[in-house]
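A, B, ... follow the sequence lines: proteins, then strands. Residue 1 opens every chain.
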Amino acid sequence: MHPHRTVGGQLSNDDLGVMQKIVSLCKRRGFLFQSSEIYGGMNGCWDYGPLGVELKRNVKEAWWADMVTHHDDISTPEGASEAFEMTGLDCSILMHPQVWKCSGHHDLFHDMMVDCKESKRRYRHDQVRGRWALRGDDRIFVTAVCEPDEEHEVLTARAQKYFGLRAKDRDQISWDGVVVSLESVSDFSEVFGPDAKEPGTLTEPREFNLMFKTHMGALLDEASVAYLRPETAQGIFVNFKNVVDSSRVRIPFGIAQIGKSFRNEITPRNFTFRVREFEQMEVEFFCHPDSSHHWYGYWRDRRMKWYQELGLSGDNLILREHDADELSHYSTGTADIEYAFPFLPKGEFGELEGIAHRGDFDLRSHMEGKLNPASRPLEVELGEDGKPVHRGSGKDLSYRDPVTNEKYIPHVIEPSAGADRAALAFLCEAYTEDMAPDENGKMQGRVVLKFHPRIAPIKAAVFPLVKKDGMPECAQEIYRDLKRDLPVFYDNKGAVGRRYRRMDEAGTPYCLTIDGQTLEDGTVTLRERDSMEQTRLPVDEAAQAIREAVRS
RNA sequence: GCGGGUGUAGCUUAGUGGUAAAGCACCAGCCUUCCAAGCUGGCUAUGUGGGUUCGAUUCCCAUCACCCGCUCCA
């Protein structure tokens with residue numbers, strides 16, 4: 001999950017300004033607040049206000065409806081080779097610690113890091129490699145972080161630099177032992193850092209724990225350590241057998257889950273884009289290995305279309321296939337759906353969703369023990385004692401096809417979306433400044449959030465044109481009726497034009513205005529947010545038009 | 001984690017070692033028959049904690065948060 005630099009670029013003042021305006025609007029209108037603000041805030045945490053919670057709920061509900069509840073499992077969807085089932089799950093955030101060992105998160109997220117006090121660089125402790133170099137009585141552990149094939153050359157150059165030798169005098173350097181990890185060195189004063197000018201600039205290794213650690217039970221000891229999940233996906237994998245055994249689903253099928261996840265990001269940044277507590281919307285789609293490539297393409301295209309249909313239809317949204325060198329060894333394809341957030345420099349995109357072909361890595365890891373992702377074919381990662389580094393569950397997570405009787409471990413396609421990032425992208429895309437006439441016909445600036453009606457926090461507002469002659473009573477009646485199945489808002493304060501503008505800023509797609517004529521013939525004016533056009537029609541038709549727009 | 005910047009009302013800004021200013025927004029009322037700015041009145045602020053000082057929003061230190069650049073981002 002990282003902004004992808006396609007064209008290096010600077011953030012223009014314009015973009016900065018737009019983002020600041022969006023952040024400001026979010027606070028002013030109640031979309032997003034800094035977490036714990038009255039106590040000075042909490043780094044990387046944000047709260048959704050009254051409008052924000054509706055927006056995010058709508059994003060999640062649209063996703064759940066489109067992926068699960070509205071999914072047609074009888075006919076073959078467009079672009080798919082056959083019909084398939086979709087089902088849901090809601091796992092606990094706290095899971096058995098072994099889950100994270102076998103998933104790979106434990107090893108990947110527990111890095112010992114060393115910092116260079118001089119170059120201000122930070123290195124993975126185990127990735128800094130070096131060799132003891134000698135010249136006369138002078139002995140130093142020279143280090144480098146580089147590709148293995150250039151290791152000797154780089155280390156020699158570093159040793160030469162340390163000893164202050166010319167290139168032709170390189171043969172004065174002698175080596176003590178082979179190239180080893182920095183982990184084998186205890187006295188860092190004898191270490192010449194990869195980018196340092198003098199020895200002894202590296203700090204003692206410090207643990208970077210990207211998973212949130214907690215304790216199960218009141219007793220705080222090592223045996224009680226548990227982790228807040230860093231992703232929702234593993235809950236699906238460890239429940240694969242439960243779902244198959246309990247729901248009569250047949251492969252191919254998908255399991256969807258929406259839920260909070262936690263990562264101790266080193267640098268939370270960019271509003272709600274990179275945060276420590278976030279919400280994911282993930283599908284694990286299980287299929288036969290022979291058709292996995294087809295399903296990967298299907299999900300990649302389908303997920304792209306989902307964002308487009310909800311309003312991210314322009315050039316700000318891209319689908320980016322990972323290059324071969326970006327792929328995990330076991331993956332035959334990964335694509336990111338990325339959005340050109342205004343806080344990113346021109347030409348850069350931030351990830352909204354990753355669609356990954358994960359092969360059988362996850363299910364096999366939970367069966368056999370953590371697989372070595374670099375092995376091919378995949379093999380269980382073994383420690384120096386020849387035993388698995390992390391033992392699996394030992395449970396059989398393979399699938400027996402009830403028709404062909406074939407038994408196999410399914411392959412998995414994983415479309416993994418960020419709910420907060422999607423909400424933020426919709427917010428950024430919706431933010432528009434245009435001009436609108438005031439009561440004298442003079443053009444004035446207008447701020448409008450052009451949300452798709454489906455995700456707009458408020459679907460419609462109901463206004464009495466003026467606060468007299470029975471209009472409020474009539475409007476309230478209409479309001480109460482609409483409120484039974486639509487999130488609507490009633491307002492009778494001030495000039496009607498001002499009320500329209502307030503609703504524009506909240507992204508409300510429709511306003512119904514009740515005037516004198518309503519009392520006579522039951523018609524209202526329906527005012528559309530983006531065009532500001534007004535149509536007079538019977539109240540039932542107006543309500544129906546709103547419902548249809550919200551359903552579309 | 002490093003470096004730079006910022007922090008005054010809900011928002012946008014002003015200003016000062018000695019009573020903190022304004023616009024917008026908001027609230028109450030009046031006026032208003034379709035696109036913000038008519039009238040009257042009202043509410044609300046120096047991120048937090050120390051220090052210097054008779055007195056600190058201003059100067060200093062620390063801390064927190066946000067922004068920018070590194071770093072990190074399975």
Side-chain angles (χ1 to χ4, degrees), chain A residues 1-3 10-11 13 16 19-21 23-30 33-46 49 100 103-111 113-124 203 206 208 210-211 230-231 233 263-271 273-274 276 328 343 345 350-351 354 356 358 361 373 416 435-448 463-469 471 492-505 511-519 524-527 529 532-534 536:
Chain A
M1 286 204 178
H2 54 95
Q10 282 294 304
L11 212 53
N13 287 334
L16 267 181
M19 199 57 217
Q20 274 163 8
K21 284 183 199 173
V23 172
S24 168
L25 173 67
C26 282
K27 179 168 188 192
R28 180 158 38 89
R29 293 307 307 259
F33 307 123
Q34 171 86 60
S35 166
S36 315
E37 194 184 359
I38 63 168
Y39 285 108
M42 188 75 178
N43 186 244
C45 300
W46 298 88
W100 308 115
S103 71
H105 290 87
H106 184 90
D107 294 347
L108 281 164
F109 275 25
H110 278 80
D111 289 334
M113 308 288 282
V114 294
D115 289 309
C116 178
K117 285 177 275 198
E118 183 190 301
S119 68
K120 306 297 182 194
R121 286 176 182 273
R122 170 174 295 160
Y123 315 96
R124 284 251 308 266
T203 61
R206 289 180 288 192
F208 272 71
L210 265 47
M211 279 200 290
E231 64 169 35
R263 292 180 197 182
N264 231 334
E265 295 284 355
I266 293 172
T267 315
R269 211 37 99 73
N270 291 329
F271 207 25
F273 183 77
R274 176 165 299 136
R276 293 202 165 112
S328 310
F343 51 76
E351 183 183 337
R358 297 189 57 83
F361 180 86
S416 170
M435 303 296 283
D438 66 13
E439 58 183 344
N440 302 316
K442 197 177 149 202
M443 298 306 276
Q444 304 284 352
R446 178 177 82 132
V447 172
V448 50
F463 303 149
L465 185 57
V466 288
K467 211 173 5 176
K468 63 182 184 188
D469 299 339
M471 289 181 216
N492 64 8
K493 297 183 193 76
V496 74
R498 178 188 295 270
R499 287 177 260 160
Y500 286 147
R501 297 300 172 83
R502 271 199 285 249
M503 284 296 105
D504 290 340
E505 226 182 31
C511 295
L512 280 182
T513 302
I514 282 74
D515 58 14
Q517 197 180 330
T518 310
L519 305 171
V524 297
T525 54
L526 182 67
R527 184 260 194 188
R529 177 193 64 204
M532 292 181 279
E533 276 172 12
Q534 296 178 64
R536 177 165 285 279

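Comparing B:G69 with B:C27, their C1' atoms are spaced 44 Å from each other, to the whole Å. B:C24 and B:C59 have their P atoms separated by 30 Å, given to the nearest Å. Taking atom P in both B:C2 and B:U71, the straight-line distance is 16 Å, to the nearest Å. Taking the P atom of each, B:U16 and B:G50 are spaced 27 Å apart, rounded to whole Å. Comparing the same atom, P, in B:U46 and in B:G5 gives a spacing of 25 Å after rounding to whole Å. Nucleotides B:U12 and B:G51 have their P atoms positioned 32 Å apart, rounded to a whole Å. The gap from the C1' atom of B:C11 to that of B:G49 amounts to 27 Å, rounded to the nearest Å. B:A25 and B:A62 have their P atoms separated by 42 Å, with the value rounded to a whole Å.
For A:Arg527, the side-chain hydrogen bond (donor to acceptor under 3.5 Å, both in side chains) partners two or more places apart in sequence, or in a different chain, are A:Asp504. Under the side chain to side chain contact (heavy atoms under 4.5 Å, CB included) criterion, A:Val447 pairs with A:Leu25, A:Tyr431, A:Glu433, A:Glu505, not counting sequence neighbours. Under the rule for a side chain to side chain contact (heavy atoms under 4.5 Å, CB included), the partners of A:Met435 that lie at least two apart in sequence or sit in another chain are A:Met443. Looking at residues two or more places apart in sequence or on another chain, you find a side chain to side chain contact (heavy atoms under 4.5 Å, CB included) between A:Met42 and A:Ser35, A:Ser36, A:Cys45. Remark: A:Lys27 pairs with A:Glu37 by the side-chain hydrogen bond (donor to acceptor under 3.5 Å, both in side chains) rule, at least two apart or across chains. Applying the side chain to side chain contact (heavy atoms under 4.5 Å, CB included) criterion to A:Asn492, with sequence neighbours excluded, gives A:Pro464, A:Lys467, A:Tyr490. Taking A:Arg502 as the reference, A:Asp491 meet the side-chain hydrogen bond (donor to acceptor under 3.5 Å, both in side chains) condition, with sequence neighbours excluded.
Within the model, atoms CG of A:Asp515 and CD of A:Gln517 stand 6.0 Å from one another, a figure rounded to the nearest 0.5 Å. With rounding to the nearest 0.5 angstrom, the CD atom of A:Glu231 is 7.0 Å from the OG atom of A:Ser416. From A:Leu465, atom CG reaches atom CZ of A:Arg499 across 7.0 Å, with rounding to the nearest 0.5 Å. Going from atom CG of A:Leu512 over to atom OG1 of A:Thr525 covers 7.5 Å, rounded to the nearest 0.5 Å. For the atom pair CZ of A:Arg529 and CE of A:Met503, the computed distance is 11.5 Å after rounding to the nearest 0.5 Å. In this structure, CD on A:Gln534 lies 9.0 Å from CG on A:Leu526, to the nearest 0.5 angstrom.
Atom CZ in A:Arg501 sits roughly 16 Å away from atom P in B:C24 (whole-Å rounding). For A:Arg276 and B:C72, the CZ to P distance is 17 Å, given to the nearest whole Å. Residue A:Gln534 contributes atom CD, which lies 9 Å from atom P of B:C34 at whole-angstrom precision. Distance, A:Glu533 CD to B:C34 C1': 14 Å, rounded to whole Å.
Here A:Phe271 lies in heavy-atom contact (under 4.0 Å) with sugar-phosphate atoms only. Looking at heavy-atom distances under 4.0 Å, A:Gln34 makes contact with sugar-phosphate atoms alone, never a base. Residue-level contact check: A:Gly30 touches neither bases nor backbone, having no heavy atom under 4.0 Å from any strand.
Side-chain contact between A:Arg501 and A:Arg446 is present, with heavy atoms from C-beta onward closer than 4.5 Å. Using a 4.5 Å heavy-atom cutoff, the side chains of A:Thr518 and A:Met471 are not in contact.
Nearest to the side chain of A:Thr267, among B:C73, B:C35, B:C72, sits B:C72.
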Between protein and nucleic acid, restricted to nucleotides 43-45 of chain B and to nitrogen or oxygen atoms under 3.5 Å apart, what atom pairs and distances do you find?
none

Pairwise N/O distances under 3.5 Å, protein to nucleotides 26-32 of chain B:
unit_1: B:C26; atom_1: OP1; unit_2: A:Arg502; atom_2: NH1; d: 2.1

Between protein and nucleotides 61-64 of chain B, what N or O pairs are separated by less than 3.5 Å?
unit_1: B:C64; atom_1: O2'; unit_2: A:Gly40; atom_2: O; d: 3.0

Measure all distances between protein nitrogen or oxygen atoms and nitrogen or oxygen atoms of nucleotides 10-14 of chain B, and list the pairs falling under 3.5 Å.
unit_1: B:C11; atom_1: OP1; unit_2: A:Lys27; atom_2: NZ; d: 2.7
unit_1: B:C11; atom_1: O3'; unit_2: A:Ser24; atom_2: OG; d: 2.9
unit_1: B:C11; atom_1: O2'; unit_2: A:Ser24; atom_2: OG; d: 3.4

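Taking the six-membered ring where tryptophan is involved, the planes of A:Phe463 and A:Tyr500 are tilted, since the angle between them lies from 30° to 60°.
RNA chain B contains the following stems of three or more consecutive Watson-Crick or G-U pairs, with both distances under 3.5 Å: B:1-7 with B:64-70, B:10-13 with B:21-24, B:26-30 with B:38-42, B:47-51 with B:59-63.
When the side-chain nitrogen and oxygen atoms of A:Asn270 are compared with OP1 and OP2 of B:C68, one or more of them lie within a distance under 4.0 Å.
A residue-by-residue look at A:Asp504 and A:Arg269 shows that A:Asp504 has its nearest nucleotide of RNA chain B further toward the 5' end.
A donor-acceptor contact under 3.5 angstrom links the side-chain atoms of A:Arg274 to the base of B:C73.
In this structure, A:Phe343 has its ring center under 6.0 Å from that of A:Phe273.
Looking only at distances, no side-chain donor or acceptor of A:Arg276 sits under 3.5 Å from a matching main-chain atom of A:Asn264.
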